[in-house]
Amino acid sequence: MTAMSQPLRSNCSHLKDHNISSTRFSTSLASLFKTWSDQPLVRHSLNHNPTTLNSPQPHHQQNQTKLISYTQTRKESLLSLIKSCTHKPHLLQIHAHIVGSSLILDSTVCFQFLSLISLSPPLKNLTYSRQFFDQIPKPNAIHYNTMIRAYSMSDFPEEGIYMYRDLRRRGLGGNPLTLSFVIKCCVRVKNLLGGIQVQARIVRDGHQSDSRLLTTLMDLYSICGKDDDACKLFDEIPHRDTVAWNVLISCCLHNSRSRDALGLFDIMQSETYRCQPDDVTCLLMLQACANLNALEFGERVHKYIEEHGYIGASKLCNSLITMYSRCGCLDNAYEVFKGMQGKNVVSWSAMIIGLAVNGYGREAIEAFREMQRTGVLPDEQTFTGVLSACSHCGLVDEAMNIFDRMSKEFGVVPNVHHYGCLVDLLGRAGRLDQAYQLIMSMDIKPDSKIWRTLLGACKIHNHDTLGERVFGHLMELKAQEAGDYVLLMNIYSSAGNWEKLAEVRKFLKEKAIQTTPGCSTIILKGTVHEFLVDDVSHPRKDEIYKMLDEINSQLKIAGYVADVSSELHNMGDEEKGYALSYHSEKLAIAFGVLATPPGTTIRVAKNLRTCVDCHNFAMILSGVYNRKIIVRDRTRFHHFWEGSCSCNGYW
DNA sequence: ATAGGGTTAG
């Protein structure tokens, strides 16, 4: 309703100013149609020649001028009607009159009408546009461009590529614009081959120094995973403006080269290139920072944003919230969130997800309630955040309740992420069969991530029979990874199933499948210190291991008992406790305790998931040694202070 | 003649 009655902002400012109602519009339409009806309607046929229509007999000189001027006025009034049309019934009337008169042969009229129905939001209808387009006897390049452009933004981008081929068949040379619209279509469907053909055309038509065209093409290569080709193309762009740099940066982000992306921020500003980053550059940089946990760089970008007056942009604020929370710096994330004007669903979701990944589940749910109080409607991703908050804190009933309300109250259809959170939650809570039933009852196909989640839960609860079945599902999807074999071995190990364990081991060795070794890093005074499992390569290794021994005995006094469920070897519990003490995060934390005074925050990043034992170890240590510890693992952050953790002990 | 291109938040 509101969408339909909304005036066309760009074209109808005059309408709005004088507040012309639709009734008055109808009146003027009616009077126009009345004048038309005095003219005989010209039946249009595809073979009609426009010149014969508009050229009356030579001996009627006076009449001809009159007729031309009359046609002219008629056309002018129609064009102004098209420009101010906001109602579908009027549209249909105008349509009928264009098609039923000689105006179908007027390319301007056709173009204006086509723009109206293919691009302007309230009346946009692509099927209808195509119908009209097909009624134009001789569509020109502009008509084609309009259609291809509309298709490039629609759900049927490949249709734009077909239209481009059609245009070429008709021998209408496309201009650079046509080419750029087609490339956009190719980007949408990741049609690299089509793009390469267009590239050949760009060269043949002599547009090879059109920077914008090349930039679009770069994006295509980037989206298709051809980052090297995209870079090559970048070198060929004669005038590299900020957008070109932005595309290059986004290319790095899309192709897992966040580190390169960060580097480009300084390179583009250097003496050689002298290109100023804009708001979009900042947005991309923040994403790279979030991927890399690069808090300091993120703070630099934040400063740049403030200095350049971009801080009012909600997109940037939302991105800052995500960057800070993905760097484990919730205080800063909340600071940005609090200070921002006009929080939308993205801002709230960013904050909720931020709280969730940092283990503050109850706070996330509270934020969710607050969001509803302020009248912002949650969407799919908000629920992903809320449900993952529940799964990080073991709030089973809360999650079930929210999941139920999600579709009933908010009309959000459960997706694979929502189910994933529930499976994780049920699995960790030990309700393995219920989790399995849930997966089997889903009306969407379970992906490998879901099965992997359940496999992880089978490991926690030493459920080897279900674990085997779940692993079978992963094999069915041909999606088993090295880490999955490790989980399976862990499950066999915990269940004391040494034969099966040996079997898997043998298999891994035969197939030369490499498992990723655990690796933790800690940054002290700007230097990155890296530790592998049982690492002895650090220059201060003797001190570190001595420290670790001391810590272990101190923690034992404080009630720490090694949790042995993560070990693979067939040995007695006492030996296991010993073996566990050399997990990479323990080494990194021991080094942190060694190298920092009490009261400091120790930040550790781990490539895999932290095990229960290391979680408990860090939690108790934070109290005994008075350090705040933040461990970032593959999926989340764990905050520890004064012997407690943000997720209330729920691992 | 007619319109008009690239990057972008959770």
Side-chain angles (χ1 to χ4, degrees), chain A residues 10-11 75 79 82 106-116 118-119 139-150 152-153 174-185 187 202 207 210-220 222-223 230 233-234 237 239-254 261 277-287 290 305 310 313-323 325-326 333 336-337 340 343-357 371 376 378-386 388 417:
Chain A
S10 49
N11 296 333
K75 178 177 154 184
L79 285 179
I82 291 174
D106 186 301
S107 55
T108 310
V109 169
C110 289
F111 164 72
Q112 292 288 353
F113 188 69
L114 201 57
S115 302
L116 175 73
S118 63
L119 299 170
N140 62 19
I142 294 165
H143 299 137
Y144 270 101
N145 278 4
T146 313
M147 283 308 296
I148 298 173
R149 182 178 173 216
S152 77
M153 300 182 287
N175 50 30
L177 237 77
T178 323
L179 300 173
S180 107
F181 293 141
V182 189
I183 301 172
K184 267 232 118 155
C185 293
V187 169
I202 291 173
H207 300 307
D210 185 325
S211 300
R212 289 193 189 181
L213 256 183
L214 298 184
T215 312
T216 328
L217 204 55
M218 246 182 93
D219 194 39
L220 176 69
S222 149
I223 294 294
L233 205 55
F234 180 78
I237 297 178
H239 175 72
R240 282 167 234 150
D241 60 3
T242 303
V243 181
W245 283 95
N246 290 347
V247 177
L248 184 66
I249 293 166
S250 104
C251 173
C252 293
L253 282 174
H254 282 134
D278 64 2
D279 50 341
V280 177
T281 321
C282 294
L283 214 54
L284 296 164
M285 281 304 145
L286 292 177
Q287 281 187 59
I305 289 169
Y310 296 145
S314 71
K315 270 190 188 181
L316 278 174
C317 290
N318 296 337
S319 213
L320 277 169
I321 296 170
T322 302
M323 184 276 290
S325 33
R326 284 184 60 192
V336 175
F337 177 77
M340 81 179 282
K343 302 178 185 71
N344 59 18
V345 59
V346 180
S347 330
W348 281 100
S349 308
M351 199 62 238
I352 290 170
I353 291 166
L355 288 164
V357 297
M371 167 188 181
V376 177
D379 67 7
E380 266 191 348
Q381 301 197 54
T382 320
F383 283 105
T384 307
V386 181
S388 88
H417 303 289

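Note that these values count all heavy atoms, side chains included, but never hydrogens, waters or copies made by symmetry. Order of the sequence lines fixes the chain letters, A, B, ..., with proteins taken first and strands second; residue numbering starts at 1 for each chain.
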Touch class at under 4.0 angstrom, heavy-atom based, for [X] against every strand present:
| X | value |
| --- | --- |
| A/I353 | sugar-phosphate |
| A/T382 | base |
| A/H207 | nothing |
| A/L213 | base |
| A/A313 | nothing |
| A/T178 | nothing |
| A/D210 | base |
| A/V109 | nothing |
| A/D106 | nothing |

Atom-pair distance ([atom1] on [X]; [atom2] on [N]), nearest Å:
| X | N | atom1 | atom2 | result |
| --- | --- | --- | --- | --- |
| A/M285 | B/dT8 | CE | C1' | 13 Å |
| A/N140 | B/dG4 | CG | P | 15 Å |
| A/L248 | B/dT8 | CG | C1' | 16 Å |
| A/Y310 | B/dT7 | OH | C1' | 13 Å |
| A/L79 | B/dA3 | CG | C1' | 13 Å |
| A/I183 | B/dT7 | CD1 | P | 11 Å |
| A/N145 | B/dT2 | CG | P | 15 Å |
| A/I249 | B/dA9 | CD1 | C1' | 16 Å |

Closest listed nucleotide, where the reference is the side chain of [X] and the choices are [options]:
| X | options | answer |
| --- | --- | --- |
| A/V280 | B/dA9, B/dA3, B/dT7 | B/dT7 |
| A/L177 | B/dG10, B/dG5, B/dT7 | B/dG5 |
| A/N246 | B/dA1, B/dT7, B/dG10 | B/dT7 |
| A/N175 | B/dG4, B/dG6, B/dA9 | B/dG4 |
| A/T322 | B/dG5, B/dG10, B/dA1 | B/dG10 |
| A/V243 | B/dA9, B/dT7, B/dG5 | B/dT7 |
| A/T216 | B/dT2, B/dG6, B/dG4 | B/dG6 |
| A/F181 | B/dG5, B/dT7, B/dG6 | B/dG5 |
| A/T108 | B/dA9, B/dT2, B/dG6 | B/dT2 |
| A/H254 | B/dG10, B/dT8, B/dT7 | B/dT8 |

Next item on the list: Ignoring backbone atoms, establish whether A/K184 has a side-chain N or O less than 4.0 Å from OP1 or OP2 of B/dG5.
Entry: no

Check: Does a side-chain N or O from A/K343 land closer than 4.0 Å to OP1 or OP2 of B/dA9, or not?
Finding: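 The answer is no; no side-chain N or O of A/K343 sits under 4.0 Å from OP1 or OP2.
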
Please check if the side chain of [X] supplies one atom and the backbone of [Y] the other of a donor-acceptor pair under 3.5 Å.
| X | Y | result |
| --- | --- | --- |
| A/S222 | A/M218 | no |
| A/R240 | A/W245 | no |
| A/H143 | A/S107 | yes |

Is any side-chain heavy atom of [X] less than 4.5 Å from a side-chain heavy atom of [Y]?
| X | Y | result |
| --- | --- | --- |
| A/L214 | A/D210 | no |
| A/M340 | A/N318 | yes |
| A/M323 | A/S319 | no |
| A/V345 | A/T382 | yes |

Check: Does a distance-only test, which skips hydrogens and angles, find a donor-acceptor pair under 3.5 Å between the side chain of A/S347 and the base of B/dA9?
Finding: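 It does not, because no donor-acceptor pair links the side chain of A/S347 to the base of B/dA9 below 3.5 Å.
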
